[in-house]
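Below is one structure, written out as structure tokens, with a few remarks after it.
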Amino acid sequence: MSTSATAADSDASDLQKSLLSWYRHSRRNLPWRRTRDPYAIWISEIMLQQTRVAAVLDKYAQFLAQFPNVKALADASLDEVLTVWSGLGYYRRARALHQAAQMVVHHLHGKFPDTAAGWRQLPGIGRYTSAAIASIAFNEPAAVVDGNVERVLERLDGERHEGERLWERAEQLLAKRAPGDWNQAMMELGATICLPQNPQCLVCPVNGPCKTRGPLQSRPQPKRKRAELWYALYARKNSVLLVQRPADHSLMAGMWELPAIRANGVEPLHKLRHSITDTDYAVFVVRGRTAKKHGKWVTHEEAHRMAITGLTRKILRKHFAREA
DNA sequence: AACCCGTGGAA
DNA sequence: TTTCCAAGGGT
């Protein structure tokens, strides 16, 4: 068979060299880049889903310290896992992580899959995450597409790719001899240079072949919603009453919070703002008065060692700061 | 395809 | 103050 390289092959090769070289010199020093342990890589990929690096750093260290391997995670209770996850958001990730750990231990003899297809059978792991883990931890030539990669390809090619075309384009460019570094290089470029706003094109390692070198056509943004949330704060001495959300609730299942109440005209103890996905909430906390039988009385310190929601954390911090 | 799921920091 | 977003998955 012919071995002559096409122009497209040559272009891809130059692009690969430029980007890989840049990545190996300029990448951020992140903890999950110092390991090839599939378990540690897996945890990092789940935590990083739709979540900023800065928010993940602390949780990542804490999670690995408490659950150092898949057996420890599988043996832990869901509540323990949710407690560490508390504040990170998207709590279904923690549930799926726990469930996947038990599947690996009980059905796969504690041995992780070594292919993207195998990883994808596990809950909470889709096309992106399976390819990320397989390429980084097992050197499988599987391209990833995340928000960064989609944006980088849009600028590079001067057109948006959608659906399956997007994945095909990512596969075309993949450096098959270094898939883990390549995938991370594409994402690192998107996260640090090829930004949504104000891209740093002057210092971009691939500005030569880039067809855009500037702002992208903006997309219409879905309008944000507004709503109110009302909670009752029952306080005695140093304790407050928390209740647990139903385990089968679609929103923050199993997490602890203040008892929710209907809106009323009582002057709130606390007023604050909180956003959950596409809704901006005005939050009102009134003093609890009626008898309350269900729930758990906890101190501020105890609450922070429970699986409380981010909003609950925010309310309690404000409340006990005022008490002090 | 469209929608839902959290959070807090930056602009 | 408000807007925008960040290494997606599940349905």
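Below, read A as the first sequence line, B as the second, and so on, with proteins coming before strands; counting in each chain starts at 1.
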Base of dG6(B) paired with side chain of T51(A) (donor-acceptor, under 3.5 Å):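 Yes, a donor-acceptor pair under 3.5 Å.
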Could you check whether [X] pairs with [Y] (Lys NZ or Arg NE/NH1/NH2 to Asp/Glu carboxylate O, under 4.0 Å)?
X: D280(A); Y: R273(A); value: no
X: E164(A); Y: R127(A); value: yes
X: R165(A); Y: E159(A); value: no

Taking the P atom of each, how far is dT3(C) from dG6(B), in whole Å?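 That atom pair is separated by 22 Å.
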If we take the P atom in both dG8(B) and dG9(C), what is their distance in whole Å?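 These two P atoms come out 23 Å apart once rounded.
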Using the side-chain contact (heavy atoms from CB on, under 4.5 Å) definition, which of the options D75(A), L97(A), L73(A) pairs with F67(A)?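 With F67(A) as partner, side-chain contact (heavy atoms from CB on, under 4.5 Å) holds for just one option, L73(A).
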Side-chain N or O of Y91(A) less than 4.0 angstrom from OP1 or OP2 on dT7(B)?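 True: Y91(A) side-chain N/O within range (under 4.0 Å) of dT7(B) OP1/OP2.
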So, OP1 or OP2 of dA6(C): does either fall under 4.0 Å of a side-chain N or O from Q50(A)?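 The answer is no; no side-chain N or O of Q50(A) sits under 4.0 Å from OP1 or OP2.
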[atom2] on [Y] to [atom1] on [X], rounded to 0.5 Å:
X: Q50(A); Y: D146(A); atom1: CD; atom2: CG; answer: 9.0 Å
X: R151(A); Y: M186(A); atom1: CZ; atom2: CE; answer: 11.0 Å
X: Y234(A); Y: L242(A); atom1: OH; atom2: CG; answer: 12.5 Å
X: R33(A); Y: D181(A); atom1: CZ; atom2: CG; answer: 9.0 Å
X: T212(A); Y: L156(A); atom1: OG1; atom2: CG; answer: 8.0 Å

Give the rounded distance in Å between these two atoms: [atom1] of [X] and [atom2] of [N].
X: R95(A); N: dG9(C); atom1: CZ; atom2: C1'; value: 15 Å
X: Q121(A); N: dG9(C); atom1: CD; atom2: P; value: 14 Å
X: E162(A); N: dA1(B); atom1: CD; atom2: P; value: 8 Å
X: N183(A); N: dG8(C); atom1: CG; atom2: C1'; value: 15 Å
X: R273(A); N: dT1(C); atom1: CZ; atom2: P; value: 8 Å
X: E150(A); N: dA6(C); atom1: CD; atom2: C1'; value: 14 Å
X: K225(A); N: dG6(B); atom1: NZ; atom2: C1'; value: 14 Å
X: Y128(A); N: dA6(C); atom1: OH; atom2: C1'; value: 11 Å

Nearest to the [X] side chain among [options], which nucleotide is it?
X: Q49(A); options: dG9(C), dG6(B), dT3(C); answer: dG9(C)
X: D280(A); options: dA6(C), dT3(C), dG6(B); answer: dT3(C)
X: D278(A); options: dC4(B), dT7(B), dT2(C); answer: dC4(B)
X: R151(A); options: dG6(B), dA6(C), dG8(C); answer: dA6(C)
X: I276(A); options: dT2(C), dG6(B), dG9(C); answer: dG6(B)

Can you list everything that forms a salt bridge (Lys or Arg N to Asp or Glu O under 4.0 Å) with R305(A)? Sequence neighbours excluded, please.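 Testing R305(A) for salt bridge (Lys or Arg N to Asp or Glu O under 4.0 Å), a comparison that skips the adjacent residues, returns none.
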What's [X] touching, base or sugar-phosphate or nothing? Going by heavy atoms closer than 4.0 Å.
X: M47(A); value: nothing
X: W32(A); value: base
X: R33(A); value: base

Test R93(A) against Q49(A) for side chain to side chain donor-acceptor pair (under 3.5 Å), laying out the working first. CA-CA 9 Å; R93(A) 291 183 297 177; Q49(A) 288 172 3; 5.0 Å; no
Intra- and inter-strand pairs of DNA chain C in dot-bracket (Watson-Crick or G-U wobble, both distances under 3.5 Å; | for another strand): .|||||.||||
Under-3.5 Å N/O pairs linking protein and nucleotides 8-11 of chain B:
{"from": "dG8(B)", "atom 1": "N2", "to": "R52(A)", "atom 2": "NE", "distance (Å)": "3.0"}

Pairwise 5' ranking along DNA chain B for G163(A) and L88(A), keeping only the more 5' one: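 The residue mapped nearer the 5' terminus is G163(A).
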